[in-house]
Amino acid sequence: MQFRTFIIICVLFALSVLILLGAYYPTIPRQDSPHAKQGVLDLSNWKLHSTVPLDGEWEFYEGKLLEPADFHQGTRTDVSYFPVPGVWNGKNQTGGMTKKGYGTYRLRVIVPSYTDDIFGIKLRSIRMSHRLYINGKLDGESGRPTTEHEEHVPGNTPATAFFHTDSREIEIVIQVANYEFATGGIINSIEFGHSWDIAKLNAIQLGSDLATICILGMFGTYHLSLYSLRRKEKAYLYSGLYLLCLVVMQLLYGEKILLRTFPTIPFDLAYKLLDLSEFLSLVVGTLFFSSIIPRLLTTRTKIVILAPIVCYTFAIVVLPYSVYNAVKDLFFLYNEIGYLYMFVRMMYLYRQSERGSSDRKELLLFIGGFISLMIFLIDGILYAGNMVSSDVAGKIGVMCFIICMNILLAQRFTQAYEKTEILSHQLSVTNQLKDEFLKHTSHEIKTPLHGILNMTSYLLDDEERNLSTKQKQNLWLIKDTSMKLSMLIHDLIDVTRLKHGDLRLYPTAVGVKVVVQIIIEMLQFELFGKSVQLENQVGSDVWVLVDENRLRQILYNLVHNAIKHTEAGTIKVTSRISEGHVYLSVEDTGKGIPREKHTKIFEYFEQANQSLPEDGYTGMGVGLYISRKLVEKMGGEIRLEWSEVGQGTRMTFTLPYEEPTPIVRETATSATFIQSRVVYDDLQLDILDQHEHTILIVDDEASNIHTLLNILKRYRYNVVTAISAKEALYKIKQHPNVDLVLLDVMMPETSGIELCQKLRDHYSILDLPILFATVKDTPQDITLGFRAGANDYVTKPFDAETLIARIQTLIAMKTSIQEAIRTEHAFLQAQIKPHFLYNALSSVISFCYTDGEKAAHLLAILSQYLRYILEMDRTQLVVPLYRELELIHVYVEIEKARFGERFDFDWYVDDRVQHLGIPSLCIQPFVENAIRHGLFEKDGHGQVTLSIQQEEHSVRVVIEDDGVGIPADQLYQISTGERQAGSIGIANIRKRLDSIVGATLTISSEMGRGTTVTMHLPLPT
């Protein structure tokens, strides 16, 4: 089958080539046509059945732009002969023409006996401008040939001219000039013949170029479209861009369709665009080949090949045409060497590939396409240089390249599709095995779970009345948690059954009120810590024809969903009967559901809250989906009847009404039995027994909080609980002495990750350790927690001993760090006090020699300071503001007594902050520096001002003087916290303020103008 397909493709390709050759045959010049000799072409004995190339020796007048009239003034002696077609390659021993310059070509054509026919000529490429005269008449021009470079206008557009002659001799004069291109001259043959033959030739050449452009553009756009659908397939991107680059080349090459359509396009723009498309195609082509076969080129080799080409492409953009065009051939040669290397590499990979393998077939197609492309490019270069008479080989080459590359890409697409089909089948089988495994595993879990439920029920019967109230509470918690797990397992099993269509129902007449009451009793423990009331408002005479277990499952999912999204208020179940159906509604006063989510909440794995973070609360996502499916299976429908964000939600479903028989009613009444349970209202959520350390538990699961309370109570910890992030932030303000937070990651509304980040805005990692409790233990989840600011994590379900060990370690770490900080602060304070005492005693001693009374007065003031120092508790990190102000008053009095009226000291203190606790000795050293270094080092009177004002969230302290100021280098050291030689005070204060969250210290100074110190101390929350 594959061989037959291959033969068909080859036959179709051969037919296409034959059709192309047949259509293109008239454009191939005949080799037996006569040639011009010494400026004369004699066609008198030649039958013009087709076009004739005007090849041979033309008269050539170098360095002159002559018109036909110049040849009628007598015989010219400056004539020479130059071959047409021929390139100006420079002077040589036999003559030749300089590469750049100007000259005039002249040919006389002798045709057969006079006829009334119209003749025509076809010009292809004349560099870089020309003017055509036929029988003395101007019949066309491209550009403007001139004798001066500045006046020259380049242009090289193919043209066709038609004319009628009254004689047998036709005179053709062509002025040619070139100042831009590397070489000039008449590059291609000039075709001559009857008008219909020239028109036919022109149409074929134009048509073939247009067909090539359309084919390249179509496939280029197609490949880019494939890439837009699958961005990973870079081969389609590169192939599409490569084919579009070839389109631009074809538009500006050969018949130059773009320039013929828009003749006003500037020469520089057109040829820069042509060169850009050529060299960009080389870059994109290399990327395309290496993307098809990654082993073809290493990254280093790719850079070596492409770097010079990319640099030259940049030069095309920025340099004039004549400058970069001078070295164009060198870069073409370099790229051809790179392509030759790739071809050798392809052959090597082909020989290394396994015979009969798909890789070998791809390489064969790839080599064929590469060879075809080389034929297309090389033929274009040879045809442009008149080394071949026709470009038909290039047309066939580009056709072969497109065919090979599309077959190769189609083969790859087919292989990928077949692989996808195989993987899809394997995935389907694996998914079915997963469903079977899930179903069997769920059934296996149900066996021990039902054992737990039965044993718990037996213990709760307590026939011997040996259980205490606390023990019954714990047993009910075990039973309710087990029932929750049982419902979850039912959901998992039903998802599998619904997917395979084997869910079975056993409808009977069921009293709804009793079922609702059972569900409410079962979910009471979920209200642990919430101000929510569950109300059963279903009428006692409401009966439905349903599967009782499935009805329980539906009501459990709806009520449990309402509990999860309700923080306070009521959740009520109501009923009404209408037209043979029972309408049951579950209404809550929770957060509500956004309007755009109303139609999606009953879909598989849809969540009402999609804006939560990755590690936030998401729930399982199948409860409402299962409920919808079960309701529909039992002949009803479910809908979101009403929901408003921030107000609540009402979900309603219908079931067929069933009037019970007296026997069924009596049986249901006698079978209704609900064990008497112990309510949870009297459970103590917070344990505050004046223990040394306090722990805050944040978890939305009542069973988790209950378990943690039982564990921590045995180890003598104060415990504060919160069921949401909002409540946790409130509790931590109520209990500022919390030593550790035990935080659940997955919570509704605000996740544990977000709560941790909020706590870290106010408490450092040392002030408040945070221990994450999470069911996710992947490295990514753990990293997410640590980035949010967690100190440690413990994985659920956790072992009590492991949990306690981690709690004790974190609290011990916090205690040790706090003790180290206290010791360091006491040491720093002790360093400041001798500094202040030395300055004060120096002032007193100086007065003992001059003024005894003043010295005695100062000693009395100083004694007050010493009394304060001796009574101060060094373990205290803060003192009341008024004590700091007393020290400042003592110091200022000493300095005023010593220095008289050299300075004034004013202070403004807000009475509301007099008793505010501040770090000890954090203001007085700045006042001392202002007086000592700011004022006493300047001449004249000085002023120091102290201002203390309460702001919204902080106290603003400003010490300002008009002294000498601080040099820039010294101010930089102070601002960065560097300690200066012999100085302790400012570095000491900055270090202590840095340990306070929200405290800031800024110092600004200007030489000769003074210094301002601004300090912000946070108000207690």
Side-chain angles (χ1 to χ4, degrees), residues 477 480-481 483-484 487-488 516-538 552-575 584-595 597-598 600-602 606-612 616-625 627 638-653 679-681 683 685 698-706 721-731 744 746-752 754-755:
L477 183 62
D480 291 340
T481 305
M483 286 298 299
K484 179 180 179 181
M487 289 293 183
L488 180 60
V516 172
Q517 190 60 37
I518 292 172
I519 297 301
I520 287 177
E521 293 290 338
M522 186 189 306
L523 289 173
Q524 279 293 334
F525 84 103
E526 291 284 351
L527 303 179
F528 187 59
K530 290 187 175 183
S531 301
V532 178
Q533 294 292 326
L534 293 179
E535 298 180 5
N536 182 0
Q537 298 182 5
V538 177
R552 290 190 185 188
Q553 200 171 345
I554 295 167
L555 287 169
Y556 177 89
N557 284 330
L558 294 178
V559 176
H560 185 262
N561 184 74
I563 292 173
K564 275 293 182 183
H565 298 89
T566 304
E567 294 297 324
T570 60
I571 299 172
K572 58 185 178 181
V573 183
T574 59
S575 65
L584 296 174
S585 299
V586 178
E587 184 176 348
D588 63 66
T589 57
K591 61 182 181 181
I593 302 171
R595 186 171 298 277
K597 303 293 183 182
H598 285 190
K600 297 181 179 180
I601 60 171
F602 293 106
E606 279 291 340
Q607 300 294 329
N609 197 343
Q610 293 287 343
S611 60
L612 292 175
Y617 173 77
T618 57
M620 182 181 166
V622 297
L624 295 179
Y625 169 77
S627 299
I638 187 170
R639 68 181 187 277
L640 179 64
E641 186 174 349
W642 164 83
S643 185
E644 291 290 339
V645 176
Q647 297 185 24
T649 302
R650 184 190 306 119
M651 294 187 183
T652 300
F653 64 98
V679 295
Y680 292 99
D681 295 341
L683 287 179
L685 296 182
V698 187
D699 200 313
D700 66 310
E701 288 287 343
S703 57
N704 290 340
I705 291 181
H706 189 80
T721 61
I723 61 172
S724 66
K726 183 178 180 181
E727 186 180 359
L729 294 173
Y730 173 75
K731 287 288 184 74
D744 181 32
M746 299 180 67
M747 296 190 301
E749 297 187 17
T750 303
S751 72
E754 290 179 305
L755 176 58

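Numbering of residues begins at 1 and proceeds along the displayed sequence.
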> Which atoms form the tightest heavy-atom contact between K731 and A722, and what is the distance?
Replying inline: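 The answer is CG-CB, 4.5 Å.
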> Which atom names give the shortest non-hydrogen contact between L534 and Q524, and what distance separates them?
Replying inline: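 Here L534 and Q524 meet closest at CD1-NE2, 4.1 Å.
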Please report the interatomic distance [atom1]([X]) to [atom2]([Y]), rounded to the nearest 0.5 Å.
X    : Y    : atom1 : atom2 : result
L729 : T750 : CG    : OG1   : 8.0 Å
I518 : L523 : CD1   : CG    : 12.0 Å
I520 : L555 : CD1   : CG    : 9.0 Å
T649 : I593 : OG1   : CD1   : 4.5 Å
F602 : M651 : CZ    : CE    : 4.5 Å
Q517 : M522 : CD    : CE    : 11.5 Å

[X]: which residues meet the side-chain contact (heavy atoms from CB on, under 4.5 Å) condition with it, sequence neighbours left out?
X    : value
N704 : D699, E701, K796
T566 : V532, I571, D588, T589
E641 : S585, R639, R650, T652
E567 : K530, I723, S724, E749

> Taking R552 as the fixed residue, which of N557, I519, V516 is the one that meets the side chain to side chain contact (heavy atoms under 4.5 Å, CB included) rule?
Replying inline: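 With R552 as partner, N557, I519, V516 yield a single side chain to side chain contact (heavy atoms under 4.5 Å, CB included), made by I519.
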> In chain order, what residues pass the ring-ring contact (aromatic ring centres under 6.0 Å, His included) check against F653, with sequence neighbours excluded?
Replying inline: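 So F653 forms no ring-ring contact (aromatic ring centres under 6.0 Å, His included) with any residue.
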> With a cut-off of 6.0 Å (strictly less than), are more than 12 heavy atoms of other residues, nucleotides or ligands near CD of E535?
Replying inline: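 For E535, atom CD is crowded (more than 12 foreign heavy atoms under 6.0 Å).
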>> For L558 and L584: C-alpha separation, side-chain torsions, deciding distance, then whether side chain to side chain contact (heavy atoms under 4.5 Å, CB included) applies.
In response: CA-CA 11 Å; L558 294 178; L584 296 174; over 6 Å; no
>> Going by the rule salt bridge (Lys or Arg N to Asp or Glu O under 4.0 Å), which residues pair with E644 if we only count those two or more places apart in sequence or in a different chain?
In response: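 Listed in chain order: R595.
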